[in-house]
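The structure appears below as structure tokens.
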Amino acid sequence: MDLYEYQGKELFKRFGIPVSEGRLATTPEEARAAAEEIGGQVVVKAQVLTGGRGKAGGVKLAEDAADAEQKAADILGLDIRGHVVKKIWIEQASGIAKEYYLSITFDRGEKKPLFMLTTEGGVEIEEVADKNPDAISRLHVDPLEGFQPWQARRLIYGAGIDDPGEQKQILSIIGRLYEAFVQCDAMLCEVNPLIVTPGGEVRALDSKFTVDDNALYRHEDIAAMRDLDAYPPEERVAREKGVTYVKLDGDVGILGNGAGLVMSTLDVIALAGGRAANFCDLGGGGGAEGVVDALEVIASDPQVKSILFNIFGGITRCDEVARGILTALDRMQIDRPIVVRLDGTNAEEGRRLLEESDAPIDVEPTMLDAAKRAVELAAAA
Ligand code: GDP
Ligand code: MN
């Protein structure tokens, strides 16, 4: 789960990482009030779950409260890389002498958390990695040994930061960021820029904080930070109904039972020259309730042009799934063509049920035939 900048900063603050004082606002009037409370020059920052806000006009300095109201009006409603700005963060403006970059993430190859620090902050790290890779100081932390202060020192020297005041502050920030990363079960904690003010004070000016979805059950407070409005409608429905759902970028909606079967269905769709729009895993069950929920999720994705059911009956019997599909179609209107492949336990009975019904379903004998048909129907739509 990705957190908004203001939420990431709240966590930073909790772990003692210095951030600027700020307030959240959703209207220009609230922005004005927030700026009045903070006093002086403020920054008005779009809160969207994507980076590059500065370049897109989503970060603006304001001289006073009236100016903050104006800047807020400019930024609210802005579309930043497909994310419409509904919330803004008003923060005390910082003077910036230097912009550094600090992050910790997982290096899956090494199976260890990886710190990166560079004095070339403020721009995207990919750009630095591309043009000036030697400028990035990297360091892996052994999760069993844990983090040691000497590692932070090595990271800092590696980045070429030689001011003792900065070294001392960044040393402490690195240790705290590691704490935040581990204790919050984060996948990424990125500070870009980590600034040095003209007075020599080091502070996190931005935050990119991603928490492992699978660990959210033990972080109630972080789980509650999820903004349901920021997700497409079908993802919201899936979450509510507890349906395993993954969004992709093609146009065939996929329903299968079991992760392995669903994965191979994606391959077969590709083989047939198509692309999956998404997939739902019905898991072991194929009862009407599960099918209704999954169909509802799949069908609320506007990108779906055809729907493919790929069911292999094992413990789940195909006739049961067929009844589930028919009940689901009784209960809801699906305006896109449906292709079904049933095989395994009671497949014949299942196919007979579907073929004898007057539901608008194509029953295909094999997985490849079904995939070809679904791709054909999607292309024709
Ligand atoms: P991003 O573009 O989404 O990464 O948003 P950031 O929070 O990193 O802000 C983008 C840029 O705006 C920063 O790199 C800074 O140069 C600038 N900026 C943000 N906050 C302040 C501030 O308090 N004072 C000044 N002078 N510039 C700021
Ligand atoms: Mn940034």
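Computed from a predicted model, the values in this text were never measured in an experiment. Numbers for residues simply follow the sequence, beginning at 1. Note that ligands are numbered from 1 as they come in the structure, with each ligand's atoms numbered from 1 the same way.
Ranking protein heavy atoms by distance to atom 12 (O) of ligand 1, first place goes to Val59 CG1, 3.7 Å. For atom 15 (C) of ligand 1, the nearest protein heavy atom (residue, atom name, distance) is Glu99 OE2, 3.2 Å. Nearest non-hydrogen protein atom to atom 27 (N) of ligand 1 is Ile96 CD1, 3.3 Å. The nearest heavy-atom contact from the protein to atom 19 (C) of ligand 1 is Leu205 CD2, 3.6 Å.
For atom 17 (C) of ligand 1, the nearest protein heavy atom is 4.0 Å or more away. The nearest protein heavy atom to atom 22 (C) of ligand 1 is closer than 4.0 Å.
Contacts with ligand 1 closer than 4.0 Å are made by no heavy atom of Glu91, backbone or side chain.
A donor-acceptor pair is defined here as one N or O able to donate and one able to accept, closer than 3.5 Å; no such pair exists between the side chain of Gln41 and the backbone of Ala93. Although no hydrogens or angles enter the test, the distance criterion places no donor-acceptor pair under 3.5 Å between the side chain of Ser94 and the main chain of Ile96. Checked by atom type and distance alone, the side chain of Lys71 pairs as donor or acceptor with a backbone atom of Leu61 at under 3.5 Å. Not one N or O on the side chain of Asp301 forms a donor-acceptor pair closer than 3.5 Å with the backbone of Asn278. Judged purely by atom type and a 3.5 angstrom limit, Gln7 uses its side chain to pair as donor or acceptor with the backbone of Met225. Arg336 places no side-chain N or O within donor-acceptor distance of the main-chain N or O of Ser306, the cut-off being under 3.5 Å.
Within the listing of ligand 1, atoms 1 (P), 4 (O), 5 (O), 6 (P), 7 (O), 8 (O) sit less than 4.0 angstrom from a heavy atom of Asp206. Annotation for ligand 1: atoms under 4.0 Å from non-hydrogen atoms of Ala93 are 23 (O). Heavy-atom contacts of Ser94 reach the following atoms of ligand 1: 22 (C), 23 (O), 24 (N), 25 (C), 26 (N) (cutoff under 4.0 Å). Ligand-side atoms of ligand 1 in range of Asn192: 8 (O), range being under 4.0 angstrom from any heavy atom. Interface of Lys45 with ligand 1, defined as ligand atoms under 4.0 Å from a residue heavy atom, comprises 6 (P), 7 (O). When each atom of ligand 1 is checked for a heavy atom of Arg53 under 4.0 Å away, the hits are 1 (P), 2 (O), 3 (O), 5 (O), 6 (P), 7 (O). Listed by atom number, the atoms of ligand 1 under 4.0 Å from Pro193 heavy atoms are 8 (O), 14 (O).
Side-chain N/O atoms of Glu234 and Tyr245 include a donor and acceptor closer than 3.5 Å. Checked by atom type, the side-chain pair Glu21/Gln92 shows no donor-acceptor distance below 3.5 Å.
For ligand 1, one of its N or O atoms has an N or O atom of Gly54 under 3.5 Å away.
Closest N/O/S atom of Asp206 to the Mn ion (ligand 2): OD2.
Heavy atoms only, all atoms of each residue included: Met1 and Asp213 are closest at N-OD1, 3.3 Å.
More than 12 non-hydrogen atoms from other residues, nucleotides or ligands lie less than 6.0 angstrom from NZ of Lys87.
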